Amino acid sequence: MRFVDIAATSAAVAATGGRKAKIELLADALRRLEPDEIAAGSAYLAGELRQRQTGVGYAGLRTRPAPALEPTLTVAAVDAAIAEIATVSGTGSQARRRELLGALFGVATADEQRLLVGLFGGELRQGAQAGLLAEAVAVAAGVPVAAVRRALLLSGDLKQVAVAALSGGAATLAGISLRVGTPLTPMLAQSAPDVGAALLATGAPAVIDTKLDGIRIQVHRSGDEVAVFTRSLDDITARLPEVVAAVRALPLREVVLDGEAMALDEQGRPRPFQETSSRAATRAKSNPLALVPYFFDLLHLDGADLLDEPGRVRWAALADALPAELIVGRETVETEEQAAAVFAAALAAGQEGVVVKAPEAPYDVGRRGAAWVKVKPRHTLDLVVLAVEWGHGRRKGWLSNLHLGARDPETGGFVMLGKTFKGLTDELLRWQTERFKELAVEDDGWVVRVRPEQVVEIAFDGVQTSPRYPGGVALRFARVLRYRDDKRAAEADTIDAVRSIGVTGQPDSGRNSPAD
DNA sequence: ATGCCAGCGTC
DNA sequence: GTCGGAT
DNA sequence: ATCCGACGACGCTGGCAT
């Protein structure tokens, strides 16, 4: 297939509003792919590259040659070119990569270039990703959507599923199942503002797990072979030898475990997330800080898949198979009062919150359903908008991303604590665009600095130490609640108020409870 | 040797 | 990670 | 109920300029 046909499909998909119409367009393109182009072609149609890393991002795409006038590229040729770009490394690699990229773009038409930029940049914005492509694969192959979705979530590999469904049909697709050693897409949790709302979603009785502020791990063991995967199915086995050792020491033959790994201090209390993250990301040999695994689910045990078993069955098997110190804190509750007590105890122990779980629900691979509901404390502050950034994509033409500052009583100025674009409705975006145009003092085409007069109420999960912001602290997961037109900037919260919240996981945190 | 930038990962 | 909009 | 897109925080690594 010609690459320009993918580009045309992508443009048509982007111009189409309806889900079903997008799926039809994608399915039509999938049917036209040659068998050996399905892997790359299906990735492109989903807005992805076949390679996870290429070393090319938006900065590397800024300057590009004039587009070709006639399309000559095939899907296979593009695939080969990108494969080479992705393998370049070592001294001189940046120049070489630029060279290869220039050659590819030089023979691409304007439409093809647009697609390539979207694919390399990871922001194709055609309104269709792996989720819709799975449906399109089902349509094109004439197999049930559920079968495609399940294969996708169990293998974590869109390309493999597309090839299986389109070349092999339902039988080949059915062959894709949970395999020990191959990571599956983890089940996720919805979120709720409090344990009452969470219990409403799950029903009672419910099981309440401590929510640990670490990184998600999925550990597979077959005999002496142990592998550790992240939430995005990255293999981090080599970076977590202590987790490997812990699982290898268990008197079990075959397991797939789901859990969280985190760094602890000398008292066994959680360290700040940044320390866990840093430790999990480093490939260096000697690691002073250990990551401790805590598991909360068992997906496979000695030949038996447990995915479709109710939670209570899986958790009972987990409790039988693992020592208690490797299992996450867990209680069964009947009432909201009991749930509130468990939540309070988790926070008192320095943990992030809780996850409320329905005991009868299966392990719903890749789903974020009502069976698991997370609850975390929330803080709020009244901050001052220091600047706003022009939006992109569907927010083009609107002032979107807010720069937030706390009042500094020492200087009479403001200390920037971070940015947010979340929590804004279209109506609010419209309003704030007008408002900040009035307050604007400078616009460089990207950031619009404004007079620091508008107060906004911000919700956030916690404070983290910051190497970037002048106060040395930043907000985690900041989002807009509402504008405070009843408050002047002089009445906004101060940097001292922010500092007094304390960094979660720091020695003297926990002395303050959240604002509400 | 050191610092910066870009890319990529975690949340 | 969170959130709003669209289907 | 799902999917998508709009973008946040920090930290590590590799390549490169100084």
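Everything numeric in this text was worked out from a predicted model, so none of it was measured. Order of the sequence lines sets the chain letters (A, B, ...), proteins ahead of strands, with each chain counted from 1.
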*asked:* Can you pull out the residues from residues 459-469 of chain A that lie within a 4.0 Å heavy-atom distance of DNA chain D?
replied: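 Those residues whose heavy atoms fall under 4.0 Å from DNA chain D, taken from residues 459-469 of chain A in numerical order, are Gln464(A), Thr465(A), Ser466(A), Pro467(A), Arg468(A), Tyr469(A).
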*Contact list for DNA chain D against residues 43-54 of chain A - heavy-atom distance below 4.0 Å*: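 Those residues: none at all.
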Flag the pair [X] and [Y] as a salt bridge only when some basic side-chain nitrogen lies within less than 4.0 angstrom of an acidic carboxylate oxygen.
X         : Y         : answer
Asp461(A) : Arg479(A) : yes
Arg271(A) : Asp265(A) : no
Lys437(A) : Asp443(A) : no

Would you mind classifying the nucleic acid contact of [X] as base, sugar-phosphate or nothing, using non-hydrogen atoms under 4.0 angstrom?
X         : value
Ala474(A) : sugar-phosphate
Lys374(A) : sugar-phosphate
Arg149(A) : sugar-phosphate
Lys376(A) : sugar-phosphate
Gln126(A) : sugar-phosphate
Thr91(A)  : sugar-phosphate

[X] [atom1] to [N] [atom2]: how many Å, rounded?
X         : N       : atom1 : atom2 : value
Leu101(A) : dG7(B)  : CG    : P     : 10 Å
Arg476(A) : dT10(B) : CZ    : P     : 14 Å
Ile215(A) : dG9(B)  : CD1   : P     : 13 Å
Ile236(A) : dC8(B)  : CD1   : C1'   : 14 Å
Arg283(A) : dT10(B) : CZ    : C1'   : 13 Å
Trp431(A) : dG4(C)  : CH2   : P     : 17 Å
Leu481(A) : dT2(C)  : CG    : P     : 14 Å
Leu61(A)  : dC8(B)  : CG    : P     : 10 Å

*First contact, last contact: which nucleotides of DNA chain D are these for chain A, 5' to 3', heavy-atom distance under 4.0 Å?*
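Listed 5' to 3', the contact boundaries are dT2(D) to dC16(D).
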_Run the salt bridge (charged side-chain N to carboxylate O under 4.0 Å, His left out) test against Lys419(A) and tell me which residues pass, sequence neighbours left out._
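Scan of Lys419(A) (salt bridge (charged side-chain N to carboxylate O under 4.0 Å, His left out), adjacent residues dropped) gives Glu389(A).
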*Is the NZ or CZ atom of Arg476(A) positioned over Phe273(A)'s six-membered ring, under 6.0 angstrom from the centre and within 45° of the axis?*
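Yes, a cation-pi geometry holds between Arg476(A) and Phe273(A).
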*Answer yes or no on whether Lys357(A) is positioned over the face of Phe296(A), meaning its NZ or CZ is under 6.0 Å from the six-membered ring centre and within 45° of the axis.*
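That pair qualifies as a cation-pi contact.
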_It should be established whether Thr276(A) places a side-chain nitrogen or oxygen under 4.0 Å from OP1 or OP2 of nucleotide dT10(B)._
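Indeed not, no polar side-chain atom of Thr276(A) lies that close.
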So, the side chain of [X] versus the backbone of [Y]: is there a donor-acceptor pair under 3.5 Å, distance only?
X         : Y         : value
Glu260(A) : Tyr294(A) : no
Gln432(A) : Trp398(A) : no
Tyr363(A) : Met187(A) : yes
Thr276(A) : Ala263(A) : yes

Which residue pairs satisfy the salt bridge (charged side-chain N to carboxylate O under 4.0 Å, His left out) criterion with at least one member in [range], sequence neighbours excluded?
range                       : result
residues 189-199 of chain A : none
residues 228-240 of chain A : Arg52(A)-Asp234(A)
residues 85-100 of chain A  : Glu84(A)-Arg96(A), Arg96(A)-Glu99(A)
residues 390-399 of chain A : Arg394(A)-Asp426(A)

*Of Arg125(A) and Arg97(A), whose closest DNA chain D nucleotide lies nearer the 5' terminus?*
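The answer here is Arg125(A).
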*So which one's nearest nucleotide on DNA chain D is more toward 5', Leu124(A) or Val88(A)?*
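Nearest nucleotide further toward 5': that of Leu124(A).
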*Residue-level proximity of residues 418-429 of chain A to DNA chain B when a heavy atom falls under 4.0 Å*: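 Result for residues 418-429 of chain A: none.
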Side-chain polar contacts of residues 16-24 of chain A - donor-acceptor pairs under 3.5 angstrom, sequence neighbours left out - could you list them?
unit_1	atom_1	unit_2	atom_2	d
Thr16(A)	OG1	Ala12(A)	O	2.6
Arg19(A)	NH2	Glu135(A)	OE2	2.5
Lys22(A)	NZ	Val13(A)	O	2.9
Lys22(A)	NZ	Thr16(A)	O	3.0
Lys22(A)	NZ	Gln126(A)	O	2.9

_Non-neighbouring partners of Glu360(A) that pass side-chain hydrogen bond (donor to acceptor under 3.5 Å, both in side chains), sequence neighbours left out_ =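 Glu360(A): side-chain hydrogen bond (donor to acceptor under 3.5 Å, both in side chains) contacts with Arg312(A).
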Polar atom pairs (N or O), protein with nucleotides 2-6 of chain B, under 3.5 Å:
none

*Please assess Ile217(A) against Phe295(A) for the test side chain to side chain contact (heavy atoms under 4.5 Å, CB included), listing each intermediate value before the final yes or no.*
CA-CA 9 Å; Ile217(A) 51 169; Phe295(A) 297 103; 4.0 Å; yes
